[in-house]
Amino acid sequence: MNHPHNIIFELYKKLLFEYGPQGWWPLLNDSGEMIYRKNQLQRKLSANQQLEICLGAILTQNTNWKNATAALRNLAENKKLSMSASKKLSQAQLAELIRPAGYYNQKASYIKNFLELIGENGFRSFEELSVIKLRKKLLSVKGIGNETADCILLYAFNKISFVVDAYTTRILTKMDQISGKTNYIQVQNIFTESLERDITIYKEYHGLLVAHGKKYYQKKPYGIGDPL
DNA sequence: CGCCAGGGCCTCA
DNA sequence: TGAGGCCATGGC
């Protein structure tokens with residue numbers, strides 16, 4: 001296998017050494033705390049957990065994860081984190097529950113669109129689709145763009161698709177690997193072409209980039225004090 | 001007070 | 001295709 005950007009795999013190893021396994025995607029426990037599953041990433045998710053990941057991916061769009069968590073907690077406390085219960089909510093009821101996540105009217109609409117795609121048969125009917133086909137279906141939903149689709153693919157459907165977020169772009173820009181006009185797919189390709197096709201690496205790498213990004217790439221100018 | 005958070009859509013070139 | 005405006009709460 002070719003590794004045109006060895007620096008990408010080198011960065012992964014450095015981040016893993018620095019921060020350790022991240023256990024993404026986090027899930028709510030019964031006490032309403034977000035749990036990162038560092039030692040049981042391989043365990044199969046329940047349908048409700050798959051749904052929680054999908055809704056979390058939409059709720060956290062351009063939004064602090066704490067705010068998205070508060071919205072998910074509202075849904076959980078009201079027993080709405082299941083396909084059947086969530087589909088019974090009106091868009092206005094949904095918007096009220098997810099209010100702390102911000103953009104709540106837009107996101108309520110986006111979530112309704114997503115639930116409509118999944119339909120009555122739930123996630124099972126999608127699991128045999130190729131990652132290409134499922135990605136296209138997700139992108140056809142109004143409210144699901146590249147990053148949200150890849151989060152859902154990777155973490156909810158366990159399909160290999162690298163997630164690129166704002167931190168990823170900032171970190172690679174600082175490393176002179178991309179420029180301001182490198183688009184999403186181009187950044188994603190840099191990772192895909194540089195890494196072995198290992199879903200555990202994909203899951204961990206995105207979590208590690210976020211951990212690193214939160215520490216050094218929040219304030220401008222980005223990357224001040226980054227030791228890597 | 002201002003800035004921004006684990007984006008995406010629409011409009012207009 | 002891509003730049004700019006818009007969506008909104010909560011933390012700091």
Side-chain angles (χ1 to χ4, degrees), chain A residues 12 15 19 21-28 32 34-38 52-75 91-92 94-117 135-156 161-174 178-189 191 202-224 226:
Chain A
Y12 173 73
L15 291 172
Y19 299 100
Q22 298 299 298
W24 275 48
W25 187 280
L27 289 168
L28 248 23
M34 276 295 172
I35 302 301
Y36 292 79
R37 297 156 297 144
K38 313 204 185 220
E52 181 185 330
I53 292 172
C54 297
L55 299 190
I58 293 171
L59 289 168
T60 196
Q61 289 172 357
N62 199 39
T63 297
N64 190 305
W65 179 244
K66 276 185 126 177
N67 290 15
T69 297
L72 284 174
R73 201 174 284 131
N74 280 346
L75 292 170
Q91 188 169 314
L94 184 54
E96 193 51 39
L97 287 171
I98 66 172
R99 171 185 279 272
Y103 306 133
Y104 50 85
N105 288 315
Q106 271 198 350
K107 287 174 180 175
S109 163
Y110 293 173
I111 287 171
K112 293 302 267 183
N113 295 340
F114 171 76
L115 295 175
E116 193 62 29
L117 169 74
R135 193 171 196 278
K136 281 181 183 165
K137 281 188 182 292
L138 291 169
L139 289 177
S140 75
V141 175
K142 181 172 164 186
I144 298 184
N146 282 313
E147 185 189 338
T148 306
D150 288 327
C151 286
I152 291 173
L153 285 168
L154 184 62
Y155 295 109
S161 200
F162 199 88
V163 177
V164 176
D165 72 338
Y167 292 132
T168 310
T169 302
R170 290 174 191 170
I171 291 169
L172 260 65
T173 300
K174 178 82 188 316
I178 60 176
S179 76
K181 33 193 213 326
T182 314
N183 70 30
Y184 185 98
I185 297 299
Q186 291 169 333
V187 178
Q188 185 181 49
N189 284 341
F191 286 91
Y202 279 45
K203 288 179 179 177
E204 282 299 333
Y205 207 159
H206 175 58
L208 288 164
L209 287 166
V210 172
H212 192 54
K214 279 180 172 172
K215 193 162 181 182
Y216 297 109
Y217 290 82
Q218 293 216 359
K219 290 183 309 192
K220 290 187 238 189
Y222 299 125
I224 299 300
D226 180 357

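Side chains are part of it too, since the values below use all heavy atoms of this structure and drop only hydrogens, waters and symmetry mates. Every value quoted in this text rests on a predicted model; they were computed, and no experiment measured them. Chain identifiers are assigned alphabetically (A, B, ...) following the order of the sequence lines, protein sequences preceding nucleic acid strands; residue numbering begins at 1 within each chain.
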Could you list where the contact with chain A starts and ends along DNA chain C, reading 5' to 3', using a 4.0 Å heavy-atom cut-off? C:dC7 to C:dG10
Please list, chain by chain and in numerical order, all residues satisfying side chain to side chain donor-acceptor pair (under 3.5 Å) with A:Asp165, sequence neighbours excluded. A:Thr168
Just jot down the ring pair (Phe, Tyr, Trp, His ring centres under 6.0 Å) partners of A:Tyr202, sequence neighbours excluded, or say none. A:Phe162
Run the side-chain contact (heavy atoms from CB on, under 4.5 Å) test against A:Thr173 and tell me which residues pass, sequence neighbours left out. A:Thr169, A:Ile178
For A:Ala70, what residues pass the side-chain contact (heavy atoms from CB on, under 4.5 Å) criterion, not counting sequence neighbours? A:Pro100
Can you sort out the partners of A:Tyr216 under ring pair (Phe, Tyr, Trp, His ring centres under 6.0 Å), two or more places apart, ordered by chain and number? A:His212
Answer yes if the side chains of A:Gln218 and A:Tyr167 hold a donor-acceptor pair under 3.5 Å, and no otherwise. yes
Please output the side-chain donor-acceptor pairs of residues 146-153 of chain A that fall under 3.5 Å, not counting sequence neighbours, one pair per line with the distance.
residue  : atom : partner  : partner atom : Å
A:Asn146 : OD1  : A:Arg135 : NH1          : 3.4
A:Asn146 : OD1  : A:Arg135 : NH2          : 3.1
A:Thr148 : OG1  : A:Gln61  : NE2          : 2.9
A:Asp150 : OD1  : A:Arg135 : NE           : 2.8
A:Asp150 : OD1  : A:Arg135 : NH2          : 3.4
A:Asp150 : OD1  : A:Ser161 : OG           : 2.7
A:Asp150 : OD2  : A:Arg135 : NH2          : 2.9
A:Asp150 : OD2  : A:Tyr184 : OH           : 2.6
A:Asp150 : OD2  : A:Gln188 : NE2          : 3.1

Starting from Watson-Crick (N1-N3 plus N6-O4 or O6-N4) and G-U wobble pairs under 3.5 Å, report the runs of at least three that DNA chain C belongs to. B:2-5 with C:9-12, B:7-13 with C:1-7
Can you give one letter per nucleotide of nucleotides 5-13 of chain B, going 5' to 3': B for a protein heavy atom under 4.0 Å from the base, S for sugar-phosphate only, - for none? BBBBSS---
Please give the distance between the P atoms of B:dC4 and C:dG4 as a whole number of Å. 16 Å
Pick the P atom in C:dA3 and in B:dG6, then give their distance to the nearest Å. 23 Å
Side chain to side chain donor-acceptor pair (under 3.5 Å) partners for A:Gln91, two or more places apart: none
Among residues at least two apart in sequence or on other chains, which ones pass side-chain contact (heavy atoms from CB on, under 4.5 Å) with A:Tyr12? A:Phe9, A:Leu16, A:Ile201, A:Glu204, A:Tyr205, A:Leu208
Contacts of type side-chain contact (heavy atoms from CB on, under 4.5 Å), residue A:Lys142, not counting sequence neighbours: A:Asn113
